[in-house]
Amino acid sequence: QVQLVESGGGFVQPGGSLRLSCAASGSNLSIYVMGWYRQAPGNQRELVATITRGGSINYADSVEGRFTISRDNAKNTAYLQMNNLKPEDTAVYYCNARLFNSNTLWGQGTQVTVSS
């Protein structure tokens, strides 16, 4: 079956940058939408950004102008470049993939902590 593996999380000071990666593995991959979601303690999981196979992008208002989502279809990998990070960005970030057959997959999550 298809699996998603996130990487790139860690500790960073306010104003710093991180780049998250989400690699999809498996046979006969057919992913329509890849996206990033995040969940902080005590909060519900929220959408960060999505990107379709054709390159259409959607951002949450809270990250637009600071984060950039991209996708390498040949490598079956999505990225999230996070610049000018703020303490309120602290959360577990999850990769999501929606296949053309409508199945949805989730990665295991990667912790991002923004703190002085």
Side-chain angles (χ1 to χ4, degrees):
Q1 62 271 26
V2 177
Q3 294 183 341
L4 303 178
V5 179
E6 302 101 328
S7 62
F11 296 92
V12 65
Q13 294 185 341
S17 298
L18 287 172
R19 190 178 82 150
L20 306 183
S21 298
C22 173
S25 62
S27 60
N28 197 27
L29 297 178
S30 57
I31 302 173
Y32 172 44
V33 182
M34 300 190 75
W36 291 94
Y37 294 73
R38 66 187 183 186
Q39 186 168 19
N43 293 344
Q44 296 187 25
R45 185 169 56 191
E46 64 177 356
L47 172 71
V48 176
T50 61
I51 182 169
T52 70
R53 188 172 184 86
S56 296
I57 293 172
N58 183 53
Y59 293 105
D61 290 343
S62 59
V63 307
E64 190 158 15
R66 299 186 298 120
F67 291 9
T68 302
I69 189 171
S70 60
R71 177 174 176 173
D72 187 335
N73 292 330
K75 296 181 179 180
N76 291 308
T77 301
Y79 306 93
L80 185 69
Q81 178 67 46
M82 304 184 293
N83 297 327
N84 192 24
L85 283 161
K86 303 176 180 180
E88 50 264 44
D89 295 318
T90 296
V92 177
Y93 284 69
Y94 296 93
C95 182
N96 171 266
R98 179 181 294 177
L99 278 60
F100 280 99
N101 65 9
S102 297
N103 288 339
T104 298
L105 305 171
W106 291 95
Q108 84 287 352
T110 184
Q111 176 71 47
V112 172
T113 301
V114 185
S115 176
S116 299

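Hydrogens, waters and symmetry mates play no part in the numbers below; they use all other heavy atoms, side chains included. Sequence positions, counted from 1, serve as the residue numbers for this chain. What you are looking at is a predicted structure, and each value in this text was computed from that prediction instead of being measured.
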Looking only at heavy atoms, which two atoms of Ser21 and Tyr79 are closest? And how far apart? OG-CD2, 3.4 Å

Spell out, as yes or no, whether a donor-acceptor pair under 3.5 Å connects the side chain of Tyr59 to the backbone of Ile69. yes

Value for OG1 (Thr110) from OH (Tyr94), rounded to nearest 0.5 Å, stands at 10.0 Å

Check the pair Thr90, Gln111 against side chain to side chain contact (heavy atoms under 4.5 Å, CB included), reporting the backbone distance first and the verdict last. CA-CA 8 Å; Thr90 296; Gln111 176 71 47; 4.0 Å; yes

Within 6.0 angstrom of Gln13 CD, more than 12 heavy atoms from elsewhere: no

Within a strict 4.5 Å, meaning less than it, do heavy atoms of the Leu18 and Phe67 side chains meet? no

CG of Leu105 to CE of Met34, rounded to nearest 0.5 Å, is 9.0 Å

Evaluate the ring planes of Trp106 and Tyr37, with Trp represented by its six-membered ring, and classify them as parallel (under 30°), tilted (30 to 60°) or perpendicular (over 60°). perpendicular

How long is the span from the OG atom in Ser62 to the CG atom in Leu47, to the nearest 0.5 Å? 9.0 Å

Using atom types as modelled and distance alone, determine if a side-chain donor or acceptor of Asn58 lies under 3.5 Å from a backbone N or O of Ile51. no

CG of Leu80 to OG1 of Thr68: how many Å apart, nearest 0.5 Å? 8.0 Å

Heavy-atom count around Phe100 CZ within 6.0 Å, excluding the residue itself: above 12? yes

So do Glu6 and Tyr93 actually touch side chain to side chain, heavy atoms under 4.5 Å? no

Asn96 versus Leu4, closest heavy-atom pair with distance: C-CD1, 4.0 Å

Atom CZ of Arg98: over 12 foreign heavy atoms under 6.0 Å: no

With sequence neighbours excluded, residues passing salt bridge (charged side-chain N to carboxylate O under 4.0 Å, His left out) with Glu46: Arg38

Arg71 vs Ile31 side-chain heavy atoms within contact, under 4.5 Å: yes

Tightest non-hydrogen contact, residues Gly9 and Leu20, listed as N-CD2, 3.6 Å

Side chain proximity check, Met82 to Asp89, heavy atoms < 4.5 angstrom: no

Closest approach of Cys22 and Trp36, non-hydrogen atoms and distance? CB-CZ2, 3.6 Å

If you look at every heavy atom in Ala91 and Ala40, which pair is closest and at what distance? CB-N, 3.8 Å

